[in-house]
Amino acid sequence: MIKSLRFEWDPAKDAANKRKHGVSFEQAKQAFYDQQRIMAEDVHHSQNEGRLFCYGRTQNGILTVRFTMRGDVVRIFGAAYWREGRKIYAEKNNL
């Protein structure tokens with residue numbers, strides 16, 4: 001299990017994400033602590049900087065978090081409860 005992670009995000013993106021998807025980036029951090037989480041590269045949006053997905057279970061379901069690593073810091077830039085994320089999580093965890 002991940003013991004300690006550092007997170008950061010843009011407050012304006014956090015506010016926009018809360019309005020659009022109903023998920024704060026503070027809540028999105030929970031997905032990273034799911035022991036069955038799935039990490040995947042975002043091949044469609046990784047032009048300038050490697051972008052990744054974390055699919056993890058939270059209190060409200062399977063959350064998809066879009067992020068990048070900047071050194072040892074997880075920089076979150078999007079999170080939502082998407083069907084595709086639930087599907088990937090279920091397939092990889094044989095649910």
Side-chain angles (χ1 to χ4, degrees):
M1 179 173 169
I2 298 172
K3 300 235 186 263
S4 167
L5 284 175
R6 291 187 4 202
F7 295 90
E8 68 178 24
W9 52 77
D10 178 303
K13 283 194 179 248
D14 180 35
N17 200 82
K18 283 188 260 188
R19 284 191 302 278
K20 185 173 182 180
H21 300 293
V23 179
S24 74
F25 291 168
E26 186 67 36
Q27 293 168 301
K29 292 179 357 181
Q30 297 170 14
F32 289 85
Y33 294 100
D34 175 3
Q35 291 186 15
Q36 293 182 289
R37 74 191 172 283
I38 307 298
M39 301 291 200
E41 184 179 1
D42 180 354
V43 295
H44 299 294
H45 300 100
S46 292
Q47 290 85 17
N48 299 328
E49 163 175 70
R51 300 231 172 156
L52 304 159
F53 292 111
C54 175
Y55 307 104
R57 184 178 302 279
T58 69
Q59 297 93 322
N60 296 321
I62 305 304
L63 186 61
T64 300
V65 182
R66 294 172 297 140
F67 70 100
T68 192
M69 292 300 301
R70 294 194 177 156
D72 62 346
V73 176
V74 176
R75 183 159 180 91
I76 297 174
F77 52 86
Y81 292 98
W82 288 314
R83 283 187 303 267
E84 185 66 22
R86 284 193 308 268
K87 179 181 171 189
I88 291 168
Y89 186 90
E91 287 174 359
K92 297 286 185 181
N93 286 300
N94 298 314
L95 301 178

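Small disclaimer: the values here were computed from a predicted structure and weren't measured. Along the sequence shown, residues carry numbers from 1.
We find the CD-CG distance between Q35 and N93 to be 11.5 Å, quoted to the nearest 0.5 Å. In this structure, the separation between OH on Y89 and CD1 on I38 is 7.0 Å, given to the nearest 0.5 Å. A distance of 10.5 Å separates CD in E91 from OH in Y55, rounded to the nearest 0.5 Å.
Partners of F7 by ring pair (Phe, Tyr, Trp, His ring centres under 6.0 Å), not counting sequence neighbours, listed by chain and number: F32.
Closest heavy-atom contact between V23 and N17: O-ND2, 2.9 Å. Minimum heavy-atom separation, A79 to A28: CB-CB, 3.7 Å. Residues T58 and Q30 approach most closely at CB-OE1, 3.5 Å, considering heavy atoms. The nearest pair of heavy atoms linking D14 to F25 is OD1-N, 2.8 Å. Across all their heavy atoms, L52 and E41 have their closest contact at CD2-CA, 3.8 Å. Across M39 and C54, no two heavy atoms sit closer than the pair SD-CB, 3.7 Å.
Between the side chain of D10 and the backbone N or O of A12, at least one donor-acceptor pair lies under 3.5 Å. A donor-acceptor pair under 3.5 Å is formed between the side chain of D34 and the backbone N or O of R57.
Taking the side chain as every heavy atom from C-beta outward, F77 and R51 approach each other to under 4.5 Å.
When each of Q27, E26, H21 is paired with S24, the side chain to side chain donor-acceptor pair (under 3.5 Å) condition holds for Q27 and for no other.
By the criterion of side-chain heavy atoms lying less than 4.5 angstrom apart, applied directly or through intervening Ile, Leu, Val, Met, Phe, Trp or Tyr residues, L95 is not grouped with W82; the two fall into different hydrophobic clusters.
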Would you mind writing out the side-chain donor-acceptor pairs for residues 62-75 within the sub-3.5 Å range, not counting sequence neighbours?
from: T68; atom 1: OG1; to: G50; atom 2: O; distance (Å): 2.5
from: R70; atom 1: NE; to: E49; atom 2: OE2; distance (Å): 2.9
from: R70; atom 1: NH2; to: E49; atom 2: OE1; distance (Å): 3.1
from: R75; atom 1: NH1; to: E8; atom 2: OE2; distance (Å): 3.2

